[in-house]
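Structure, as structure tokens:
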Amino acid sequence: MRVLITGAGGQLGTDLSIHCGAEGDEVVALGRDRLDIADRSAVLDAVAAHAPDAVFNAAAWTAVDDCESDPERAFAANALGARWVAEAAGRAGAHLVHVSTDYVFDGTKDGAYNEWDTPAPRSVYGASKLAGEREVLDVASGRAAVVRTAWVMGVHGKNMLKTVLSLRDREHLAFVDDQRGSPTFTADLAVGMRRLAADRMAGMYHLTNRGSTSWYGLVREILEMAGADPGIVSPISTDQLDPPRPAPRPANSVLDDIAWRSAQLPAMPLYRDSLRSAVDALMDRHSPDKETS
Ligand SMILES: NC(=O)c1ccc[n+]([C@@H]2O[C@H](COP(=O)([O-])OP(=O)(O)OC[C@H]3O[C@@H](n4cnc5c(N)ncnc54)[C@H](OP(=O)(O)O)[C@@H]3O)[C@@H](O)[C@H]2O)c1
């Protein structure tokens, strides 16, 4: 395939470029410096010029707290940007795979959210991402998949995993124990997204690594895998955060992947296995898997 990737400088965009390249695709990787998805004519021109078979929209304004004070910028990138990418992909006859978020849900459900649960975002970021997924499904209906994912991390870009590794020598850390989700690794997500593009599958898919935990639980696991003392981290509740975060987060954002499973697509790896590989890679260690393969 010839694939065009927006937001190619971000954590997911980087792993999409790497994975598609490794699969033999011709990759057009456009970071924000080369393509601002909020600029309609730039998007239409870029997609027409490269005539891709598939477009991956990994571009988004992901600064969840900053979105609260600048909704216009959030909706320009996350909603209108998605509209322009869908329009451009449609004109080029390219299949679109767009990325959305667990933050479209309010987190009050007992149990995991499936693809047909009703979204009710609690933050400007979540509302702008919900608008973006609706734009994609309206404008590129039948030729676009929307992938809702969660707690994204990997070895490229900025994320919680890297933050915790950089803090592992501290005497004391505190992380919330009342927000639950599924840590999801960009290398695994890239594989699933490319599969949707190659099979030209359309509609809504939830796609996260398997297993769930709280931020506190995740930080303990990272410290343990890094050979640091997990006892340095204490559990706190969201209302103990000082200062409080501007954007409210869902308490439960575990996603059920009924659509993915029922389409008999391959199960995503357990988050713990991918976490171990990522910790090893970031600490420049070789995982046992890598040594034997
Ligand atoms: N991170 C998470 O925990 C998480 C959770 C659920 C879903 N998601 C979704 O997953 C996708 C990938 O996120 P990520 O974690 O890879 O985020 P990321 O590392 O922040 O990457 C997003 C990229 O998009 C770029 N960008 C921002 N505005 C843009 C614009 N107007 N035009 C073109 N590029 C623009 C950013 O550039 P700059 O850095 O220069 O601004 C950045 O390189 C997004 O759709 C996000 O909403 C993320």
Side-chain angles (χ1 to χ4, degrees), residues 4-19 28-43 46-47 55-67 70 72-86 88 96-105 107 113 119 121 123-133 135-136 144-163 179 181-190 192-193 204-209 215 218 247 249-250 253-255 271 278:
L4 185 147
I5 301 168
T6 67
Q11 40 170 358
L12 175 60
T14 302
D15 262 325
L16 274 169
S17 302
I18 292 169
H19 174 62
V28 179
L30 303 179
R32 184 154 73 102
D33 51 339
R34 292 180 63 194
L35 180 62
D36 176 356
I37 62 163
D39 179 341
R40 177 173 178 265
S41 59
V43 175
V47 176
V55 174
F56 295 102
N57 186 24
W61 192 33
T62 59
V64 175
D65 289 315
D66 295 342
C67 286
D70 196 350
E72 196 157 319
R73 179 174 164 192
F75 278 88
N78 298 343
L80 269 179
R83 180 188 293 180
W84 308 144
V85 174
L96 171 61
V97 182
H98 172 78
V99 191
S100 190
T101 172
D102 52 334
Y103 284 15
V104 300
F105 295 114
Y113 285 94
S123 60
V124 169
Y125 169 76
S128 69
K129 294 293 294 180
L130 176 62
E133 57 183 54
E135 290 290 344
V136 165
V146 172
V147 171
R148 284 197 193 121
T149 190
W151 295 28
V152 173
M153 57 196 81
V155 298
H156 308 288
K158 289 187 210 153
N159 56 51
M160 174 68 98
L161 166 57
K162 287 187 174 180
T163 302
Q179 292 172 28
S182 298
T184 300
F185 288 81
T186 45
D188 300 325
L189 193 54
M193 288 175 61
M204 178 66 68
Y205 292 89
H206 285 180
L207 203 55
T208 63
N209 280 100
W215 290 112
L218 177 65
R249 269 76 171 165
S253 68
V254 181
L255 302 180
Y271 84 79

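We count ligands from 1, going down the list as the structure has it; atoms in each ligand are counted the same way. Note that the structure is a prediction, hence the values are computed from the model and not measured. Scope of the values below: all heavy atoms of this structure, side chains included, with no hydrogens, waters or symmetry mates.
- Side-chain contact between N209 and T184 is present, with at least one heavy-atom pair separated by less than 4.5 Å.
- We find that D65 and R249 are joined by a salt bridge, their nearest charged nitrogen and carboxylate oxygen being less than 4.0 Å apart.
- Only the backbone of L35 comes within 4.0 Å of ligand 1, judged by heavy-atom distances.
- Under 4.0 angstrom from ligand 1, the non-hydrogen atoms of W151 all belong to its backbone.
- Ring geometry, F105 versus Y113: the interplanar angle falls under 30°, so the pair is classed parallel (tilted spans 30 to 60°).
- Under the 4.0 angstrom criterion for non-hydrogen atoms, T149 is in contact with ligand 1.
- In this structure, the side chains of N159 and V152 stay at 4.5 Å or more apart for every pair of heavy atoms.
- The protein non-hydrogen atom at the shortest distance from atom 11 (C) of ligand 1 is V99 CG1, 3.7 Å.
- Atom 27 (C) of ligand 1 has its nearest heavy-atom neighbour, among A60, A77, A59, G157, in A60.
- In terms of heavy-atom proximity, V124 sits nearest to A74 at CG1-CB, 4.0 Å.
- Under the 4.5 Å side-chain criterion, counting only non-hydrogen atoms from C-beta, C67 is in contact with W61.
- The shortest side-chain heavy-atom distance between W151 and T208 does not fall under the 4.5 Å cut-off.
- For ligand 1, the polar-atom distance check finds an N/O of I37 within less than 3.5 Å of one of the ligand's N/O atoms.
- For Q11, a nitrogen or oxygen atom sits less than 3.5 Å from a nitrogen or oxygen atom of ligand 1, counting backbone and side chain alike.
- Proximity to G9 (heavy-atom distance under 4.0 Å) selects the following atoms of ligand 1: 43 (O).
- Of all atoms in ligand 1, listed by their number and element, those nearer than 4.0 Å to a heavy atom of S100 are 7 (C).
- For G81, the heavy-atom gap to ligand 1 stays at 4.0 angstrom or more.
- The nearest protein atom to atom 31 (N) of ligand 1, hydrogens excluded, is given as D36 OD1, 2.9 Å; this is a heavy-atom distance.
- One N or O on the side chain of T6 and one on the backbone of A58 form a donor-acceptor pair closer than 3.5 Å.
- The protein reaches atom 17 (O) of ligand 1 closely, with a heavy atom under 4.0 angstrom from it.
- Every atom of ligand 1 with a heavy atom of K129 under 4.0 Å away is listed here by number and element: 44 (C), 45 (O), 46 (C), 47 (O).
- Within the 4.5 Å cutoff, the side chain of V43 has heavy atoms near those of the L35 side chain.
- The side-chain heavy atoms of R148 and V104, taken from C-beta on, include a pair separated by under 4.5 Å.
- The nearest protein atom to atom 43 (O) of ligand 1, hydrogens excluded, is given as G10 N, 3.2 Å; this is a heavy-atom distance.
- Polar contact with ligand 1: absent for T101 (N/O pair, distance under 3.5 Å).
- Proximity of M153 to ligand 1, defined as any heavy-atom pair under 4.0 Å, is not found for any part of the residue.
- Two residues are said to be in side-chain contact when any heavy atoms from C-beta on lie closer than 4.5 Å; L16 and L12 meet this criterion.
- Smallest separation of non-hydrogen atoms from Q11 and G154: OE1-N, 3.7 Å.
- For atom 3 (O) of ligand 1, the nearest protein heavy atom (residue, atom name, distance) is V152 N, 3.0 Å.
- Between Y125 and ligand 1, at least one N/O pair is under 3.5 Å apart.
- Residue W84 does not touch ligand 1, judged by heavy-atom distances below 4.0 Å.
- An N or O contact shorter than 3.5 Å links R32 to ligand 1 by distance.
- The shortest N or O to N or O distance between G13 and ligand 1 is not under 3.5 Å.
- Side-chain contact between M153 and F185: present, with at least one pair of heavy atoms (C-beta onward) separated by less than 4.5 Å.
- The part of T62 lying near ligand 1 is the side chain, judged by heavy-atom distances below 4.0 Å.
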